[in-house]
Chemist: 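One structure coming up, written as structure tokens, with questions to follow.
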2 protein chains.
Amino acid sequence: MDESTELLAVRVAELYYEENKTQDEVGALLGITRWKVGRLLTRAREAGIVRIEIVHPRARRLDVERQLRDRFGLKDAVVVPLPTEDEEVSPRVAQAAADYLAAVRPIPRTLGVSWGRTLDEVARVLADGWTVGVQVVQINGGVSLNSKQGTAAQTAVTIAQKGHGQATLLPIPAILEQVETKRAIERDRTVASVRALGASASAYLYSAGVAGASSVHVDSGYLSESDVDDLVAKGAVGDVVGRYIDSAGEIVDSALDERTVGIGLDELRAADHAIFVVAGDAKHDVARAVVTSGLCSVIVTDEATAHALLEETT
Amino acid sequence: MDESTELLAVRVAELYYEENKTQDEVGALLGITRWKVGRLLTRAREAGIVRIEIVHPRARRLDVERQLRDRFGLKDAVVVPLPTEDEEVSPRVAQAAADYLAAVRPIPRTLGVSWGRTLDEVARVLADGWTVGVQVVQINGGVSLNSKQGTAAQTAVTIAQKGHGQATLLPIPAILEQVETKRAIERDRTVASVRALGASASAYLYSAGVAGASSVHVDSGYLSESDVDDLVAKGAVGDVVGRYIDSAGEIVDSALDERTVGIGLDELRAADHAIFVVAGDAKHDVARAVVTSGLCSVIVTDEATAHALLEETT
DNA sequence: GGGATGCTTGCTCAGATGAGCAGCTGGTTG
DNA sequence: CAACCAGCTGCTCATCTGAGCAAGCATCCC
């Protein structure tokens, strides 16, 4: 588009969009036909001279969502735009996840949930009465070894209460010290029944953690910093439902994995609705591992993460 | 608009504007009628959820222009939007002034110009061949007492050359030390004829200076800093074609004014096209004085200045 | 309780708009 | 020099969209 055409397009756009004139009127005013006006408007939009944006905390990026679905064979994707100011992204992603959860059809009777800061936020912003009579099951161990115990249970309970249903907790440590202890616990009738209920869930909601010193597992005392360093050295990028995976989505340390209580990755991969919620720049690598290895069927994330996933050379 | 309506409006806007669906399709997709879709779109635009902006260095703010015209009884107004990044406004305003000048109808045969940094920029960006056979006349004295002599002449000459016409200069100081000298000079046949030509111009193009230590008059040695301080003490807000005015647009110091060579303010007020170009936050006060006292019939400025003018309580 | 009021809804209809087409123009190539 | 191609122009026609209207609905006030 040469300069004079561009300038004309600007004038046309001003009269049409800011002055609310019809294309006919604009044409008469500038001495051109209404068809030319229409064509100039199209070109102005394509050239980005006219920018139409939807400014709302709960807006979504449908084009990016489609790309994610296509590229990774996802059932669905929800991408939230980045806030303009120095606002946080995680509340927006959490809100989007809550909205998505409330809109899942068929309505999940049984919902398997993981825990963590992200899911906590989701539970908090979930609308009261988002469904009726849901059965929420915790899918991985979540009793903390230090002060912050209870948040894992809190997440599941909140989601259940707001869905006018009930929560079934898995009140055991996420990672045990001995394989034998883990096996013994899993043989326990109560625990086994919770695991079975979890396995039968029609939808799962979970997030991921980054492998590093700030991991929740270090924080809550299941792993030492050096344990995590070892995992990273072996290629770990983060954890999903307590299990550490590498960039290909494979278990990094099978011995550790044997001591980890909760749903298996294959169960997630086989699930109808495996809703993966992830926000923030630190989690791009884990997110990529999860998405490329088919660990989720639905992703809820922010635009920056989505672009990071898509930029990867195919 | 309550929350759920707003959320619906966001979804509607996304599908309509980002996915390019028809209102009918959007309605079908969301289970509402197409009329409701249309109404939601209107409300979304009104509520600012959908923001349509025209991003172009030569875009204008027609709504603000209208307000300026109405409020101050101007013949015309050109308002340029503020650049988003840390770009300068003055090139944009200069470009707008050049565009405006080239579009003035009837085409001015004789154009009176002032000088200064702003007009210099206008001259520089003016399109070659913006008109044919124009007669450009300098309307106020412009021989500098120090190094930068020639820029005043340069401005007029450039505008004339690009308009395939010729420039008539006023090669005498802007302000003389003695009233007698000024009178004597004005009696000179050559000077008088230039003044007469200037008075007969069908359009004037000029800017304004801020009264202060950084004034061009101090810079070029016509006035000392203390002279300007005195003027400010007497209420001067700035100068127009070399003459210092107060916020009411009145001459501040008639003795000084008597020593100032060039067109009189009344001649500007009487002119058909008195095009006033002003950019930058520092000049809001002078701009207000010029505009409220009828010194210009056309203003070319930036959005910030325009808003400053309009905010003033009536 | 009854009526008035203001808001929303679905509709008709006219006006606005985009897709597609044939003719034209200007520049390029053999 | 003629043929060709790409891009632009003005047009028809089908579709899309907004204005305006009457009915439905909830709310408020006496």
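All values derive from a computational prediction rather than experimental measurement. Convention: sequence-line order gives letters A, B, ...; per-chain numbering from 1.
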Chemist: Heavy atoms from C-beta onward define the side chain here; which of C:dT9, D:dG18, D:dC8 lies closest to that of B:Lys36?
Modeler: C:dT9
Chemist: Measure from the side chain of A:Arg39, starting at C-beta and using heavy atoms only, and say which of C:dT8, C:dT17, D:dG10 lies closest.
Modeler: D:dG10
Chemist: Between P on D:dG18 and NZ on A:Lys21, what's the gap in Å once rounded to a whole number?
Modeler: 17 Å
Chemist: Evaluate the side-chain proximity of B:Val78 to B:Glu65: yes if any heavy-atom separation is below 4.5 Å, no if none is.
Modeler: yes
Chemist: Can you tell me whether the side chain of B:Trp35 and the base of C:dT8 have a donor-acceptor pair closer than 3.5 Å?
Modeler: no
Chemist: For A:Val291 and A:Cys296, work out which heavy atoms get closest and say how close.
Modeler: CG2-SG, 4.0 Å
Chemist: Within the pair A:Tyr16 and C:dA16, is there a side-chain N or O less than 4.0 Å away from OP1 or OP2?
Modeler: no
Chemist: B:Thr158 and B:Gln154: side-chain donor and acceptor closer than 3.5 Å?
Modeler: yes
Chemist: How many whole angstroms separate atom CG of B:Asp2 from atom P of D:dA26?
Modeler: 15 Å
Chemist: For the pair made of CZ in A:Arg34 and P in C:dG15, what is the distance, rounded to whole Å?
Modeler: 13 Å
Chemist: Could you work out which one of D:dG10, D:dC16, D:dG18 sits closest to the side chain of B:Gln23?
Modeler: D:dG18
Chemist: Taking the side chain of B:Arg43 as heavy atoms from C-beta outward, which of D:dT17, C:dT17, C:dT8 is closest to it?
Modeler: C:dT8
Chemist: Between C:dG15 atom C1' and A:Asp24 atom CG, what is the distance in whole Å?
Modeler: 10 Å
Chemist: CG of B:Asn20 versus C1' of D:dT17: gap in Å, rounded?
Modeler: 15 Å
Chemist: Taking atom types as modelled, is there a side-chain donor on B:Tyr204 or B:Asp272 under 3.5 Å from an acceptor on the other?
Modeler: no
